[in-house]
Amino acid sequence: MMTTDLSPIRMLVLTLTGRCNFACRYCYAADADQVDMKEETAIAALHLAGRGGNRFLLQFSGGEPLLRFPLIRKLVEIAERNHYDAQMQIQTNGSLLTKDIGTWLYRHGVGIGISCDGRKDLMDRTRRRKDGGSSFQAASEGFKNLASAGIGTGITCVVTEDMTDDLPGIADMAHFYGNVHQVGFDILREQGRGAALHAPSAEAMTKALEKTAARMDLLEQMTGRHIHFTQEDRAARLEKTKDYDFPQCYAMHGEAAFVDVHGNIYACSSLMGRERYLLGNVHEGRDPERVRTVAAFVEQSMAECRDCSYFPLCGGGCFSRWLRADGQVKKSEAECAMKQFFIKRYVRKR
């Protein structure tokens with residue numbers, strides 16, 4: 001086991017399986033091996049982060065992580081027995097969220113996020129089920145099961161070039177179920193199946209967000225329910241904490257451990273399978289030189305963010321979204337437009 005002066009792990013993401021019951025057309029993890037993470041590998045990764053003694057984020061990921069719900073239960077119970085200071089969360093497509101599973105996750109403090117894109121026609125086009133069924137219907141059952149148990153959830157919506165006209169539909173979907181408290185947007189990452197698609201232009205992204213926010217505001221007036229935008233909340237948090245120097249980029253700070261199904265540790269989930277961003281493995285730990293080299297490269301690649309007037313309420317861009325399919329790093333105009341839109345919205349309302 002490597003023991004050095006490395007920063008403790010503050011973000012642990014476990015790819016519990018490469019399998020998924022969906023075949024989303026923009027999935028950046030589509031090239032992952034279609035196998036399951038071994039139980040001993042997952043436990044070793046948990047101990048690697050937990051024994052550092054610091055608070056860390058623990059995210060259960062995939063593929064579709066609920067295909068491995070028994071392993072999730074075991075890992076949560078191990079974290080609880082060892083008194084690890086883990087903030088746990090799961091990002092799921094919602095199709096396997098029964099009332100019992102949702103209730104168990106909620107009772108054990110596991111935050112639930114559902115990935116979806118809005119109305120039925122769009123969902124069934126972008127987030128296809130492998131069995132040919134309706135992804136919208138499957139996700140809807142997950143939302144309803146949580147709602148029936150009184151459990152709230154957040155939504156993450158992917159945005160590609162040809163989805164901007166449909167974006168306002170996410171506001172309707174969020175209000176329809178009654179238990180969605182937050183909506184966030186995930187700009188296309190040009191990896192996996194996403195390499196064949198394109199992110200929206202800055203102009204198209206801004207126009208889509210204007211319509212989406214207006215729709216959300218109208219629905220709030222009609223229902224009295226306020227649904228947060230993740231990016232707007234982020235601006236408020238950065239203004240309060242003043243911790244705006246890429247706080248979300250654990251790779252840049254040497255605090256990331258994104259573990260693939262084989263136990264290899266990468267700097268980010270979007271970088272899995274790329275040798276340049278391999279940091280070690282769960283049994284031997286992180287290689288200090290690799291961690292420092294990757295952190296320095298990420299910081300250098302994102303340097304222009306610090307010259308931007310929006311930086312104090314933005315916190316910097318996302319390296320994985322700036323990284324192109326050819327390995328080059330170029331500013332994501334869509335991401336910048338999105339953050340600027342929500343910063344302006346926050347400043348107007350404060």
Side-chain angles (χ1 to χ4, degrees), residues 7 9-11 13 28 57 59 156-161 164 184-191 194 198-210 213 228-258 266-272 274 276-277 279 290-348 350:
S7 298
I9 293 171
R10 290 183 54 217
M11 179 65 165
V13 177
Y28 67 83
L57 296 172
Q59 181 167 313
T156 298
C157 174
V158 174
V159 188
T160 64
E161 182 181 52
T164 52
F185 301 100
D186 192 2
I187 305 297
L188 172 75
R189 307 182 201 190
E190 295 184 1
Q191 292 113 34
H198 299 287
S201 67
E203 180 181 10
M205 190 71 204
T206 300
K207 289 182 177 179
L209 290 173
E210 288 172 347
H228 298 255
F229 284 115
T230 304
Q231 288 79 10
E232 190 174 342
D233 286 351
R234 176 180 173 77
R237 184 170 61 252
L238 291 175
E239 183 174 52
K240 180 180 179 180
T241 65
K242 309 299 181 186
D243 180 22
Y244 55 78
D245 194 17
F246 292 93
Q248 85 290 350
C249 188
Y250 297 96
M252 185 184 295
H253 300 296
E255 301 166 335
F258 292 77
Y266 290 89
C268 180
S269 57
S270 300
L271 306 175
M272 287 182 180
R274 301 191 184 205
R276 180 173 191 172
Y277 304 101
L279 304 181
R290 283 181 172 267
V291 170
R292 286 190 282 266
T293 298
V294 170
F297 178 68
V298 172
E299 183 168 17
Q300 178 185 12
S301 300
M302 309 300 292
E304 66 180 280
C305 284
R306 293 192 173 94
D307 297 325
C308 177
S309 61
Y310 289 94
F311 187 58
L313 293 181
C314 167
C318 175
F319 175 78
S320 69
R321 290 175 182 82
W322 289 32
L323 185 65
R324 302 305 192 223
D326 61 3
Q328 299 299 307
V329 181
K330 184 180 179 182
K331 181 170 71 174
S332 169
E333 299 292 347
E335 183 193 31
C336 290
M338 175 183 68
K339 290 191 169 187
Q340 290 174 20
F341 173 84
F342 283 110
I343 288 170
K344 293 175 182 176
R345 178 178 164 88
Y346 166 69
V347 170
R348 286 196 305 268
R350 69 182 176 186

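Please read these numbers as outputs of a predicted model, since none were measured by experiment.
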J.: Within the structure provided, determine whether Tyr266 and Val294 are in side-chain contact (heavy-atom separation under 4.5 Å).
T.: no
J.: Where is the tightest heavy-atom contact between Ile343 and Ala235, given as atom of each residue plus distance?
T.: CG1-CB, 4.2 Å
J.: The criterion is side-chain contact (heavy atoms from CB on, under 4.5 Å); which residues satisfy it with Arg10, sequence neighbours excluded?
T.: Tyr250, Glu255
J.: Rounded at 0.5 Å granularity, tell me how far CZ in Arg234 sits from CZ in Phe342.
T.: 13.0 Å
J.: With side-chain contact (heavy atoms from CB on, under 4.5 Å) as the criterion, how do Met205 and Ile187 come out once you've worked through the C-alpha distance, each side chain's angles and the decisive distance to 0.1 Å?
T.: CA-CA 10 Å; Met205 190 71 204; Ile187 305 297; 3.8 Å; yes
J.: Would you say the side chain of Ser301 lies within less than 4.5 Å of the side chain of Leu323, judging by non-hydrogen atoms?
T.: no
J.: Under the rule for salt bridge (Lys or Arg N to Asp or Glu O under 4.0 Å), what residues qualify as partners of Glu210, not counting sequence neighbours?
T.: none
J.: List in chain and number order the residues that pass side-chain contact (heavy atoms from CB on, under 4.5 Å) with Thr164, two or more places apart in sequence or in another chain; answer none if no residue qualifies.
T.: Val159, Pro200, Ala204, Ala208
J.: Closest approach of Met252 and Ala295, non-hydrogen atoms and distance?
T.: O-CB, 3.4 Å
J.: Could you report the tightest heavy-atom contact between Leu238 and Pro247, atom names first, then the distance?
T.: CD2-CG, 3.8 Å
J.: With Val291, which residues qualify under side-chain contact (heavy atoms from CB on, under 4.5 Å), at least two apart?
T.: Leu6, Leu279, Arg286
J.: Under the ring pair (Phe, Tyr, Trp, His ring centres under 6.0 Å) rule, collect the residues that match up with Phe246, sequence neighbours excluded.
T.: Phe311
J.: What is the distance from atom CZ of Arg321 to atom SG of Cys268, rounded to the nearest 0.5 Å?
T.: 8.0 Å
J.: So do the side chains of Gln191 and Ser269 get within less than 4.5 Å of each other, counting heavy atoms only?
T.: no
J.: Tell me every residue that passes side-chain hydrogen bond (donor to acceptor under 3.5 Å, both in side chains) with Thr206, counting only those two or more places apart in sequence or in another chain.
T.: none
J.: How far apart are the closest heavy atoms of Ile9 and Ala257, and which atoms are they?
T.: CD1-CB, 3.8 Å
J.: Please name the pair of heavy atoms, one in Leu209 and one in Phe185, separated by the smallest distance, quoted to 0.1 Å.
T.: CD2-CE1, 3.9 Å
J.: Which heavy-atom pair separates Ala251 from Ala256 by the least distance, and what is that distance?
T.: N-CB, 3.7 Å
J.: By salt bridge (Lys or Arg N to Asp or Glu O under 4.0 Å), which residues pair with Arg350, not counting sequence neighbours?
T.: Glu239
J.: For Arg306, what residues pass the salt bridge (Lys or Arg N to Asp or Glu O under 4.0 Å) criterion, not counting sequence neighbours?
T.: Asp245, Glu299
J.: How would you list, by chain and number, every residue that makes a ring pair (Phe, Tyr, Trp, His ring centres under 6.0 Å) with Phe258, sequence neighbours excluded?
T.: none
J.: Would a distance-only check, ignoring hydrogens and angles, find a side-chain to backbone donor-acceptor pair under 3.5 Å from Lys339 to Gly316?
T.: yes
J.: Can you list the residues that meet the side-chain hydrogen bond (donor to acceptor under 3.5 Å, both in side chains) rule with Arg324, with sequence neighbours excluded?
T.: none
J.: Only pairs under 3.5 Å count here: list side-chain donor-acceptor contacts from residues 331-338, not counting sequence neighbours, and write none if there are none.
T.:
{"from": "Ser332", "atom 1": "OG", "to": "Glu335", "atom 2": "N", "distance (Å)": "3.1"}
{"from": "Glu335", "atom 1": "OE1", "to": "Cys318", "atom 2": "N", "distance (Å)": "3.2"}
{"from": "Glu335", "atom 1": "OE1", "to": "Trp322", "atom 2": "NE1", "distance (Å)": "2.9"}
{"from": "Glu335", "atom 1": "OE2", "to": "Cys318", "atom 2": "N", "distance (Å)": "3.0"}

J.: Hey, what's the ring geometry for Phe297 with Phe319, parallel, tilted or perpendicular (30° and 60° as the breaks)?
T.: perpendicular
J.: Counting distance only, does the side-chain N/O of Gln248 pair as donor-acceptor with the main-chain N or O of Gly317 below 3.5 Å?
T.: yes
J.: Just wondering, do Lys344 and Tyr310 contact through their side chains at under 4.5 Å, heavy atoms?
T.: yes
J.: Going by side-chain contact (heavy atoms from CB on, under 4.5 Å), name the residues that satisfy it together with Ser309, two or more places apart in sequence or in a different chain.
T.: none
